[in-house]
Amino acid sequence: MKQDSAIAALAALAHPTRLNAFRTLVQHEPKGLPTGALVEASGLTQSTFSTHLAVLAKSGLVIAERSGRQQIQRANIDALRDLMTFLAKDCCQGRAELCEPLLADLACC
């Protein structure tokens, strides 16, 4: 992942509504959720929420797929993995013991 992409993804997640929506989508992988269910969970109006969803989509963190008459929103797990790798890539600087707690926390996934 390039720095510009990481900055866009982090900026997209730097708002409570977008962060909550993304975390909800991650929890519903691999099936995703209809846009209406996300809007309902957010407690916002459709138009307000669509602005937040557009930011997540533009950053590459969320992908929309058509299923019949519905738009299914899905977390882009590849983008999440790329972002996490970008953030942690140089954390141990050759000292694996520094990254072991991080890897242990992620092992339950």
Side-chain angles (χ1 to χ4, degrees):
M1 174 173 270
K2 294 182 179 180
Q3 183 171 325
D4 289 347
S5 297
I7 290 169
L10 291 169
L13 295 173
H15 187 281
T17 298
R18 294 190 295 266
L19 180 60
N20 289 337
F22 184 72
R23 293 183 76 204
T24 298
L25 289 174
V26 168
Q27 292 169 1
H28 286 86
E29 276 301 306
K31 293 183 179 184
L33 282 175
T35 305
L38 275 175
V39 172
E40 188 175 311
S42 75
L44 300 172
T45 65
Q46 172 74 35
S47 60
T48 301
F49 186 79
S50 67
T51 302
H52 291 293
L53 193 55
V55 172
L56 288 167
K58 185 176 180 183
S59 74
L61 291 171
V62 172
I63 301 168
E65 299 174 350
R66 182 152 299 280
S67 177
R69 295 173 56 187
Q70 291 185 325
Q71 282 283 95
I72 304 299
Q73 305 297 328
R74 297 194 53 231
N76 183 345
I77 299 300
D78 290 337
L80 174 60
R81 184 180 56 245
D82 290 347
L83 178 60
M84 293 171 68
T85 301
F86 175 84
L87 291 172
K89 184 93 171 157
D90 301 318
C91 76
C92 63
Q93 298 177 7
R95 296 176 46 209
E97 71 276 4
L98 296 176
C99 291
E100 286 175 5
L102 172 64
L103 296 175
D105 286 346
L106 292 173
C108 68
C109 297

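Side chain of S50 to backbone of S47: a donor-acceptor contact under 3.5 angstrom is found. Between the side chain of N76 and the backbone N or O of G60, at least one donor-acceptor pair lies under 3.5 Å. In this structure, T45 contributes its side chain and T48 its backbone to a donor-acceptor pair below 3.5 Å. Side chain of Q73 to main chain of L25: no donor-acceptor pair is present (N/O by atom type, distance under 3.5 Å, no hydrogens or angles).
The minimum heavy-atom distance linking Q46 with T35 is given by the pair NE2-CG2, 4.1 Å. When all heavy atoms are compared, the tightest approach of L38 to A21 is CD2-O, 4.1 Å. In terms of heavy-atom proximity, L83 sits nearest to A9 at CD2-CB, 3.9 Å. Considering all non-hydrogen atoms of both residues, A75 and E29 come closest at N-OE2, 3.1 Å. Of all heavy-atom pairs spanning E97 and P101, the tightest one is O-CD, 3.6 Å. Here the closest non-hydrogen pair linking A8 and S59 is O-CB, 3.7 Å.
Transitive grouping of hydrophobic side chains (ILVMFWY, heavy atoms separated by less than 4.5 Å) keeps I63 and L80 in distinct clusters. No path of Ile, Leu, Val, Met, Phe, Trp and Tyr side chains, each step under 4.5 Å between heavy atoms, connects V55 with M1, placing them in separate hydrophobic clusters. Tracing side-chain contacts under 4.5 Å through hydrophobic residues (I, L, V, M, F, W, Y), one reaches M84 starting from L56; they form part of the same cluster. No path of Ile, Leu, Val, Met, Phe, Trp and Tyr side chains, each step under 4.5 Å between heavy atoms, connects I7 with F22, placing them in separate hydrophobic clusters.
Interatomic distance, L53 CG to L61 CG, rounded to the nearest 0.5 Å: 11.0 Å. To the nearest 0.5 Å, atoms NZ (K2) and CG (D82) are separated by 12.5 Å. The OG1 atom of T17 sits 5.0 Å away from atom CG of L44, with the distance rounded to the nearest 0.5 Å. In this structure, CD on Q27 lies 9.5 Å from CG on L33, to the nearest 0.5 angstrom. Taking NE2 from H52 and CG from L19, the interatomic distance works out to 12.0 Å, rounded to the nearest 0.5 Å.
The side-chain heavy atoms of Q71 and E65, taken from C-beta on, include no pair separated by under 4.5 Å.
Other residues, nucleotides and ligands contribute only 12 or fewer heavy atoms inside 6.0 Å of the CD atom of Q3. Within 6.0 Å of atom CD in E40, 12 or fewer heavy atoms from other residues, nucleotides or ligands are found, so the atom counts as exposed in its surroundings.
Remark: R81 engages D78 in a salt bridge (charged side-chain N to carboxylate O under 4.0 Å, His left out) (not counting sequence neighbours).
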